[in-house]
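Below is one structure, written out as structure tokens; the observations come after it.
Chain A is the first sequence line, chain B the second, and so forth, proteins listed ahead of strands; every chain is numbered from 1.
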Amino acid sequence: IIIFNALIDMLCTLERIDDALKMIEEMKASKCPPDVVTYNSVLTGLCRLKQMAEASEFIKIMSANGCNPNVVTYNIFVDGLCKAENLDDAMVVFQDMAQNGCHPDVKTYTSLIDGLSDARRVDDAKSLLQEMAQRSCYPNIITYNSFLKGLCKVGKLDEAEGFFEVITSNKCHPDAVSYNTLFLALCENERYSAAVDVCERMVEKGFAPRALTFRDLVDKLCKVGKLDEAQKLLALGARVPNVEF
RNA sequence: GCUCUAUAGCGC
């Protein structure tokens, strides 16, 4: 079964869903019937192809075949709906899954928070974050990073900066993704001084941006006449291996 | 305990 599942997963990653379905038929006929992992791989493939109607149908098919969806199944489907920008359906599935004995976990919430963030629905994302705490389902750094992305997207950069405090006060450690998200948003919004400050923290933490990013930023600082900031950055870059100007 | 699900940018 493990070998079969690995094969099916490979076929689905290669987007060869129909071949995967054929193999499932063979499995049914063999001593080695498909299990929930098998079906979940196919579901992932359908979601990646954004075939959400088919994905929804497929969940019914697996149940009809005596294989009940588990929490991974729902997570795949919710994430697919979010990525297909169908947040309303994603929320409905999220509400319903508990009735089928599958309780949302940190990945379910993270997918939703990420989808809401991409859709700039930061207030809704924040409600979910609060709901997680109430349900003792604790956000991890990936959850926080998704929310951080939302704050950045809607231009709430001060709140985004302040959110780092929230993360650490919840015993999580901002990582390279966190800093990079904030850093790029500050650059995009031409808040270069703040960007340099973040850059400094990144270097301290060993999350230095790439050389090209450094050069671009120095270039922009020169253009807007912030020569002192540019110099600060050059000094910073000199301390980082693999960065040359 | 081996197979399935979530975040930035970059490269291929």
Side-chain angles (χ1 to χ4, degrees), chain A residues 1-13 17 20 23-24 27 32-48 55 58-59 62 67-84 87 90 93-94 97 102-119 125 128-129 132 137-153 157 160 163-164 167 172-188 195 198-199 202 207-217 242-243:
Chain A
I1 182 75
I2 290 171
I3 311 257
F4 271 115
N5 284 348
L7 276 171
I8 298 240
D9 190 55
M10 229 188 84
L11 287 172
C12 293
T13 304
I17 309 288
M23 188 171 282
I24 286 185
M27 288 172 78
C32 203
D35 65 4
V36 64
V37 175
T38 324
Y39 288 111
N40 285 345
S41 290
V42 176
L43 188 64
T44 303
L46 289 171
C47 288
R48 277 190 45 191
F58 190 75
I59 294 178
M62 63 188 272
C67 181
N68 288 323
N70 63 12
V71 62
V72 176
T73 314
Y74 285 108
N75 286 348
I76 294 166
F77 191 47
V78 166
D79 188 59
L81 288 168
C82 288
K83 293 210 158 64
L87 289 162
V93 176
F94 164 72
M97 59 190 279
C102 294
H103 294 275
D105 64 10
V106 59
K107 291 186 186 184
T108 328
Y109 278 103
T110 301
S111 289
L112 285 165
I113 288 170
D114 187 60
L116 291 167
S117 290
D118 282 342
L128 281 183
L129 261 187
M132 288 179 79
C137 174
Y138 297 104
N140 59 27
I141 190 59
I142 301 183
T143 320
Y144 289 127
N145 285 344
S146 293
F147 182 66
L148 187 68
K149 175 172 65 171
L151 290 175
C152 289
K153 272 203 171 185
L157 298 183
F163 192 63
F164 278 66
I167 297 175
C172 254
H173 301 285
D175 63 7
V177 174
S178 329
Y179 283 102
N180 200 31
T181 304
L182 177 62
F183 173 73
L184 292 175
L186 289 168
C187 290
E188 252 177 49
V198 172
C199 196
M202 291 170 81
F207 301 144
R210 310 176 315 121
L212 189 65
T213 315
F214 264 104
R215 269 196 292 269
D216 283 350
L217 188 53
N242 303 323
V243 174

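Checked against B:U7, B:U5, B:A8, the side chain of A:Asp114 finds its nearest nucleotide in B:U7. Considering only side-chain atoms of A:Ile2, the nucleotide from B:C2, B:U7, B:A8 that sits closest is B:C2. Among the nucleotides B:A6, B:A8, B:C4, the one closest to the side chain of A:Thr44 is B:C4. Among the nucleotides B:U7, B:C4, B:A8, the one closest to the side chain of A:Thr181 is B:A8. For A:Val72, counting side-chain heavy atoms from C-beta on, the closest listed nucleotide (B:A8, B:A6, B:C4) is B:C4. In the set B:C10, B:U7, B:C2, B:C10 carries the atom at the smallest distance from any side-chain atom of A:Arg210. Side-chain proximity of A:Asn40 to B:C4, B:U7, B:U5: nearest is B:C4. Side-chain proximity of A:Val37 to B:A6, B:U3, B:U7: nearest is B:U3.
Ring geometry, A:Tyr109 versus A:Phe94: the interplanar angle exceeds 60°, so the pair is classed perpendicular (tilted spans 30 to 60°). Relative ring orientation between A:Tyr179 and A:Phe207 is described as tilted, the plane-to-plane angle lying within the 30° to 60° band.
Spacing between atom OH of A:Tyr74 and atom C1' of B:C4 amounts to 16 Å, rounded to whole angstrom units. The distance from atom CD of A:Glu188 to atom P of B:G9 is 9 Å, rounded to the nearest whole Å. For the pair A:Phe183 CZ and B:A8 P, the computed distance is 17 Å after rounding to whole Å. The interatomic distance linking A:Leu129 (CG) with B:U7 (C1') rounds to 13 Å, in whole Å. Per the geometry, CZ belonging to A:Phe77 stands 14 Å off C1' belonging to B:U5, to the nearest Å. The interatomic distance linking A:Phe207 (CZ) with B:G9 (C1') rounds to 14 Å, in whole Å. Counting to the nearest Å, the P atom of B:A8 and the CG atom of A:Leu186 are 17 Å from each other. Whole-Å rounding puts the A:His173 NE2 to B:A8 P distance at 22 Å.
Within the model, atoms CZ of A:Phe58 and OG1 of A:Thr73 stand 9.5 Å from one another, a figure rounded to the nearest 0.5 Å.
A search for side chain to side chain contact (heavy atoms under 4.5 Å, CB included) contacts involving A:Ser41 returns A:Ile8, A:Asp9, not counting sequence neighbours. Every residue two or more places apart in sequence or in another chain was checked for a salt bridge (Lys or Arg N to Asp or Glu O under 4.0 Å) with A:Lys107, and none qualifies. With sequence neighbours left out, the salt bridge (Lys or Arg N to Asp or Glu O under 4.0 Å) criterion links A:Asp79 to A:Lys83. Annotation: side chain to side chain contact (heavy atoms under 4.5 Å, CB included) contacts of A:Ala211 (sequence neighbours excluded): A:Arg215, A:Val243. A:Ala185 meets the side chain to side chain contact (heavy atoms under 4.5 Å, CB included) test with A:Cys152, A:Leu157; sequence neighbours excluded.
Using a 4.0 Å heavy-atom cutoff across all strands shown, A:Asn140 reaches at least one base atom of the nucleic acid. Across all strands shown, A:Asn180 has heavy atoms under 4.0 Å from base atoms, whether or not it also approaches the sugar-phosphate. Heavy atoms of A:Lys83 sit under 4.0 angstrom from primed sugar atoms or phosphate atoms, though from no base atom.
The base of B:A8 has none of its N or O atoms less than 3.5 Å from a complementary donor or acceptor on the side chain of A:Asp175.
Within residues 105-113 of chain A, the residues that place at least one heavy atom under 4.0 Å from RNA chain B are, in residue-number order, A:Lys107, A:Thr110, A:Ser111.
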